[in-house]
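The chains referred to below are lettered A, B, ... by the order of the sequence lines, with proteins before strands, and numbering in each begins at 1.
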Amino acid sequence: MKRKINIKFAVVYLVLTLYSLYTMYPIILMIITSFKANLEIMQNPVGLPREPIVAGFVTLFQKENFGLFFANSLFVSLVSSIILLVVSILLAYVISRYKTKISDFLYFFFLAGMMIPLRLGLLSLNDLLYKLGLIDSLWGLIFIYVAQNIPFTMFILTGFIQMIPVSMEETAYIDGANTWQVLWKVIVPLIKPAVATTVVYNFVPIWNDVFYPLIFISTKERRTLMQTVTLFFGQYLTNWNLVFSALTVACVPVIIVYIFCSRYLIEGMMAGAIKG
Amino acid sequence: MKRSKWLYAGFVLPALVLYSVFMLYPLISSLGLSLFSWNGYGPKTYVGFENFAKLFGNVNYSARFFGALKNNVIFFVETIILQNATALLLAALVNIRRIRGTKLFRSLYYLPCTLSIIVVGYIWTLIYNPLWGSLNYSMDLLGLGAYKLAWLGNEKTALLAIAIANAWQYTGTPFVMFLAGMNAVPGELYEAAEIDGASVTRQFFRITLPLIMPVMFIISVIVFVGNFSAFEIVYAMTGSTGAPGYSTDILGTFFYRTCFGSRLGMPPDMGVGAAIATCMFAIIGIAVAAWFKMSKRESDL
């Protein structure tokens with residue numbers, strides 16, 4: 001009996017491990033390919049690099065100005081995430097504390113945007129950015145990312161703020177704090193995990209996005225990292241080493257963030273799945 | 001108290017303005033754009049339903065539209081089957097009591113979801129490469145050399161190959177959501193079933209599966225919305241022309257090509273592009289409405 005159970009367990013672990021390898025393989029392939037010379041990519045497509053090279057990375061940063069594109073992406077992702085966090089916390093606080101028909105309406109008004117992809121309004125967005133002088137500007141991208149991620153951020157934060165008992169705020173009010181102080185000194189520290197979840201949730205897809213930069217950013221100096229990688233692929237179609245070095249550089253920040261925050265990210269998502 | 005009302009209004013204002021101007025306005029006004037003719041920047045002329053007449057009447061557009069729609073349906077069905085089946089199996093296995101390393105498996109399976117779609121597309125393009133891709137290379141090693149193909153260059157396999165890459169990336173999402181759904185099932189149900197002598201498999205089909213059906217419905221809607229507005233994965237793997245032979249042309253690539261592409265002898269036509277976007281809006285809108293209705297019924301129960 002015991003033996004039978006052990007065999008069953010072994011099969012379960014085998015399946016889970018095989019799938020782990022399947023998820024890891026393409027990522028590992030990307031990284032090892034970035035250390036292989038083009039000739040070796042063709043001759044030895046699967047194995048580890050026999051003579052690892054870093055020429056691709058050197059070219060990216062010395063000749064292709066990747067430092068600048070990296071900075072552009074970091075700027076857009078960070079500024080968008082911060083603006084998103086601030087405006088969504090303010091919004092979520094009102095929706096969860098000011099219980100009237102107006103706040104109920106606001107909740108559904110914002111929630112309605114959660115499922116409709118903004119890219120369907122691309123042509124009007126193009127018109128709008130053009131009129132506002134935000135075409136070919138990183139701020140144009142920032143406003144787009146903020147607008148399209150407000151619904152989800154509000155949704156998560158509202159759920160968490162509602163769980164905080166009002167009595168905690170009242171104590172602070174008695175001590176003479178005003179609403180602004182209560183919000184940032186009492187509420188926000190209590191919902192730190194939710195804040196972390198939403199920041200990672202917003203930062204990663206914004207960093208990864210290529211759709212809006214590809215359409216709205218034309219000046220080379222304003223390109224984002226992912227956009228450059230995409231244009232690279234067309235330009236250096238045969239230089240796999242360079243392309244895969246670029247892909248690796250573009251992914252490293254996200255993978256690092258993920259290593260440190262995967263718990264927040266997954267648990268936040270599980271909480272969201274049950275509520276939604 | 002009156003002062004705090006104004007304060008609250010001030011709190012709501014920044015989000016309200018950003019969301020209305022950069023999200024709601026473009027989405028709603030783009031529906032109206034489908035009734036105008038223009039070249040992208042210049043003045044617009046009202047043309048009524050002419051753009052739709054062109055889209056559905058001119059065979060150059062209508063054949064591509066229905067082709068892309070068909071491919072999109074196939075792409076959706078392939079993705080949802082691959083993703084849901086894999087995610088359900090993995091979640092059920094990870095959820096078995098006494099299985100260790102759950103958190104590690106969870107983190108590994110979710111990792112690809114955090115990568116850029118474009119990166120995933122390029123990595124899989126290398127894997128599928130007919131000459132030095134690891135897929136064909138492994139097939140040689142396994143003695144399957146006779147079945148090697150140019151996976152992305154063949155009309156029969158290209159779309160499925162893209163769906164596999166897409167499912168590889170996003171299986172983590174339904175996996176995590178299934179796990180959450182499974183954790184929410186009350187433990188007493190399993191204990192009772194165990195006392196009645198029900199096997200683990202039977203418990204899964206009789207208890208777990210029915211209770212996570214709502215999760216499966218939500219996932220289907222999310223995947224539907226994602227697939228019917230997809231663009232990057234196809235753009236990365238086979239470009240925006242729907243190559244080979246339009247077999248990977250989906251609504252997203254067709255829309256992009258109509259608005260911004262000038263290849264294939266067709267000048268860009270923003271009006272028709274807006275008409276395509278309106279059709280995509282309608283398709284996605286129906287799915288989202290169904291979701292709202294369904295989740296409302298759930299919460300009423």
Is it the case that the side chains of Thr23(A) and Tyr110(B) hold a donor-acceptor pair, with the cut-off being a distance below 3.5 Å and no angle test?
no
Which atoms of Phe109(A) are under 4.5 Å from chain B, going by heavy atoms: the side chain, the backbone, both sets, or neither?
both
Is chain B contacted by the side chain of Thr33(A), its backbone, both, or neither, given a heavy-atom distance below 4.5 Å?
side chain
Quick check for you: to the nearest 0.5 Å, what is the distance between Leu7(B) atom CG and Asn178(A) atom CG?
8.0 Å
Can you tell me which of Gly32(B), Ser229(B), Gly101(B) forms the most heavy-atom pairs within a distance under 4.5 Å of chain A?
Ser229(B)
What part of Leu29(A) lies closer than 4.5 angstrom to a heavy atom of chain B: side chain, backbone, both or neither?
side chain
Quick one: what part of Ile89(A) sits under 4.5 Å from any heavy atom of chain B, side chain, backbone, both or neither?
neither
The reported gap from OH in Tyr13(A) to CD1 in Ile96(B) (rounded to nearest 0.5 angstrom) is 9.0 Å
Comparing Gly133(B), Pro14(B), Ser134(B) against chain A, the one with the most heavy-atom pairs below 4.5 Å turns out to be Ser134(B)
Test item: side-chain donor near acceptor, Ser124(A) and Ser30(B), under 3.5 Å
no
Point-to-point distance, once rounded to the nearest 0.5 Å, from OG1 of Thr114(B) to OH of Tyr201(A)
10.5 Å
Does the plane of the ring in Tyr8(B) sit parallel, tilted or perpendicular to the ring in Tyr98(A)? Use 30° and 60° as the thresholds.
tilted
Classify the ring geometry of Tyr19(B) against Phe110(A): parallel below 30°, tilted from 30° to 60°, perpendicular beyond 60°.
tilted
Atom CG of Leu115(B) and atom CD1 of Ile255(A): how far apart are they, to the nearest 0.5 Å?
5.5 Å
Select one option (side chain, backbone, both, neither) describing which atoms of Ile259(A) are under 4.5 Å from chain B's heavy atoms.
neither
With a 4.5 angstrom heavy-atom cut-off, is it the side chain or the backbone of Phe244(A) that approaches chain B, or both, or neither?
side chain
Please list, chain by chain and in numerical order, all residues satisfying side chain to side chain donor-acceptor pair (under 3.5 Å) with Asn241(A), sequence neighbours excluded.
none
